[in-house]
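For ligands, and for the atoms within them, numbers begin at 1 and follow the listed sequence.
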Amino acid sequence: MPLLVMKFGGTSVADLERIRNAATKVRAEVARGYDVIVIVSAMSGKTNELVGWVNETSPLYDAREYDAVVSSGEHVTAGLMALTLQEMDVPARSWQGWQVPIQTTSQHGAARFVDIPRANLDAKFSEGFRVAVIAGFQGVSPEGRITTLGRGGSDTTAVAFAAAFDAERCDIYTDVDGIYTTDPRITSKARKLDKISFEEMLELASLGAKVLQTRSVELAMRYKVRLRVLSSFDETDETSGTLVCDEDEIMESKVVSGVAYSREEAKLTLVTVEDRPGIAAAIFGPLAESGVNVDMIVQNISEKDYQGSDKPVTDMTFSCPVDQVGRARKALEAARDAGSIRYEKLEIDTDAAKVSVVGIGMRSHAGVAARMFSALAQEGVNIKVIATSEIKISVLIDRKYMELAVQALHDTFELDKAG
Ligand code: ADP
Ligand code: ASP
Ligand code: MG
């Protein structure tokens with residue numbers, strides 16, 4: 001039988017009524033002749049609550065127990081979804097990650113898939129079960145402990161099952177009716193896209209567009225999964241939503257196709273560090289070992305004659321997520337105490353946000369950066385740090401200007417109009 005993967009996010013399973021609504025969509029696909037693997041998230045807000053309980057109980061928690069707690073939200077919705085389907089006379093059962101077993105690495109809180117053996121689910125499908133409901137966001141480590149995949153990880157569970165079971169499509173049901181030129185919560189001018197390339201979606205996701213977890217897009221690109229985002233609240237058919245696909249399937253030819261943002265960024269500057277070979281490694285090595293995700297980096301030009309010394313010195317600036325600032329400070333102070341780096345002071349700005357424009361058209365068009373910077377200048381937005389790659393330009397700015405910057409860039413690149 002042809003097989004579909006259908007994933008329902010937190011708002012789509014937020015209460016029993018919504019679980020019934022989602023189950024109705026599953027039943028419709030079964031009636032069309034599909035076997036279905038359903039991936040569920042926890043009810044909306046549940047994972048945040050569980051994370052909060054862990055932090056309150058143990059600020060420097062054991063990551064294995066963190067995973068034991070936070071994976072439980074998905075256990076509840078998987079069981080409820082299976083029960084709801086059974087009530088609709090659809091033969092279904094639920095599977096927690098370890099029961100499949102979804103094998104992952106043992107990086108608790110950020111585990112990666114190793115293998116999804118098909119045997120257990122295939123056996124059930126051949127017994128006549130039409131739906132396997134899988135608790136998203138989790139797996140089991142080689143040591144036999146429950147792991148989780150990082151926030152938003154149910155998207156990745158869905159794509160991984162679609163790849164492992166050769167699904168015809170992987171449908172991600174959520175609270176928006178597709179992927180937009182930017183988060184529709186920030187501007188009503190955001191336009192829904194019919195299609196978006198894997199490369200662009202990968203950049204948008206990694207730059208903060210939470211509509212898909214970055215890793216899910218990576219997997220879909222690698223395994224050529226037909227990945228679609230659509231609304232669980234609307235009537236939908238095969239043409240609904242946004243398809244994430246290869247570049248050559250797309251007709252639209254805009255230079256910039258989307259704007260992404262990441263709200264909770266911090267900027268840290270090491271003032272007056274020695275400028276010598278190995279200094280960057282001495283700073284960023286300990287940060288990486290402490291699990292700090294350093295993003296943008298700027299090293300200023302060096303000055304000599306600092307305080308009478310003729311050794312060159314410089315300032316080193318970098319950004320990281322706000323919730324990692326404590327860890328970053330600790331790692332840098334420890335490196336200074338151990339004598340591996342010297343600096344005069346550490347300046348920390350926790351009121352930053354990152355705004356980025358993305359488009360594969362940038363590969364062949366010059367001038368995007370200049371247009372971006374002048375649009376921000378016109379709004380009086382000061383740029384703190386800039387980073388570019390082949391298909392994106394990112395700026396770090398004051399958080400209070402984030403919405404304004406997203407709207408200004410959306411207007412400047414005329415993303416409300418089809419290209
Ligand atoms: P789920 O709980 O279903 O996984 P998420 O909250 O993780 O849903 O993702 C959906 C949300 O992503 C939307 O409500 C929207 O606010 C946000 N979002 C951010 N960027 C975009 C974008 N470019 N297109 C659509 N939604 C976006
Ligand atoms: N429930 C998890 C989270 O909130 C995983 C997911 O919803 O994708 O991050
Ligand atoms: Mg999500």
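- In the vicinity of R151, heavy-atom distances shorter than 4.0 Å reach the ligand 2 atoms 3 (C), 4 (O), 9 (O).
- Closest protein heavy atom to atom 2 (O) of ligand 1: G10 N, 3.1 Å.
- Remark: D62 does not engage R145 in a salt bridge, criterion side-chain N to carboxylate O under 4.0 Å.
- The shortest separation from a heavy atom of G153 to ligand 2 is under 4.0 Å, placing the residue in contact.
- Looking only at protein heavy atoms, the nearest one to atom 8 (O) of ligand 1 is T174 OG1, 3.1 Å.
- Comparing I186, D175, D177, D155 against atom 11 (C) of ligand 1, the shortest heavy-atom distance belongs to D175.
- The contact set between ligand 1 and Y180, taken as ligand atoms under 4.0 Å from a residue heavy atom, comprises 22 (C), 23 (N), 24 (N), 25 (C).
- By the 4.0 Å N-to-carboxylate-O rule, K384 lies close enough to D349 to be salt-bridged with it.
- Every heavy atom of G136 sits 4.0 Å or more from the atoms of ligand 2.
- Residues Q138 and T148 bring no donor and acceptor atom of their side chains to less than 3.5 Å of each other.
- The shortest contact between atom 7 (O) of ligand 2 and any protein heavy atom is with S41 OG, 3.0 Å.
- Neither the backbone nor the side chain of S154 comes within 4.0 Å of ligand 1, counting heavy atoms alone.
- For atom 25 (C) of ligand 1, the nearest non-hydrogen atom from the set G178, S232, A260 belongs to G178.
- Under 4.0 angstrom from ligand 1, the non-hydrogen atoms of T182 all belong to its backbone.
- If you check the side chains of Y261 and E403, you find no donor sitting under 3.5 Å from an acceptor.
- An N or O contact shorter than 3.5 Å links E74 to ligand 2 by distance.
- Side-chain atoms of T147 and T104 include a donor-acceptor pair closer than 3.5 Å.
- For atom 6 (O) of ligand 1, the nearest protein heavy atom lies 4.0 Å away or farther.
- Looking only at atom types and distance, the side chain of E74 has no donor-acceptor partner in the side chain of T77 under 3.5 Å away.
- Of the protein's heavy atoms, V211 CB, 3.7 Å lies nearest to atom 27 (C) of ligand 1.
- Checking side-chain atoms of D315 against main-chain N and O of T272 turns up a donor-acceptor pair under 3.5 Å.
- Heavy-atom contacts from other residues, nucleotides or ligands closer than 6.0 Å to CZ of R327 number more than 12.
- Side-chain contact, S197 with E200: a donor N or O sits under 3.5 Å from an acceptor N or O.
- When each atom of ligand 1 is checked for a heavy atom of I179 under 4.0 Å away, the hits are 24 (N).
- Looking at ligand 2, you won't find any N or O of D155 less than 3.5 Å from one of its N or O atoms.
- At a cut-off of 3.5 Å, with distance as the only test, no side-chain donor of S106 or S141 sits close to an acceptor on the other residue.
- A side-chain donor-acceptor contact under 3.5 Å links K25 and T236.
- In this structure, of K210, R185, R191, the residue bringing a heavy atom nearest to atom 14 (O) of ligand 1 is R185.
- Scanning the protein heavy atoms around atom 15 (C) of ligand 1, the nearest turns out to be D183 OD1, 3.3 Å.
- For atom 4 (O) of ligand 1, the nearest protein heavy atom (residue, atom name, distance) is K7 NZ, 3.1 Å.
- Of the N or O atoms in F137, none lie within a sub-3.5 Å distance of an N or O in ligand 2.
- Taking 4.0 Å as the cut-off between side-chain N and carboxylate O, D411 and K189 count as a salt-bridged pair.
- Using a 4.5 Å heavy-atom cutoff, the side chains of D155 and K7 are in contact.
- Of all the atoms in ligand 1, the ones that sit under 4.0 Å from a non-hydrogen atom of A209 are 20 (N).
- The closest approach between any non-hydrogen atom of S12 and ligand 1 is not below 4.0 Å.
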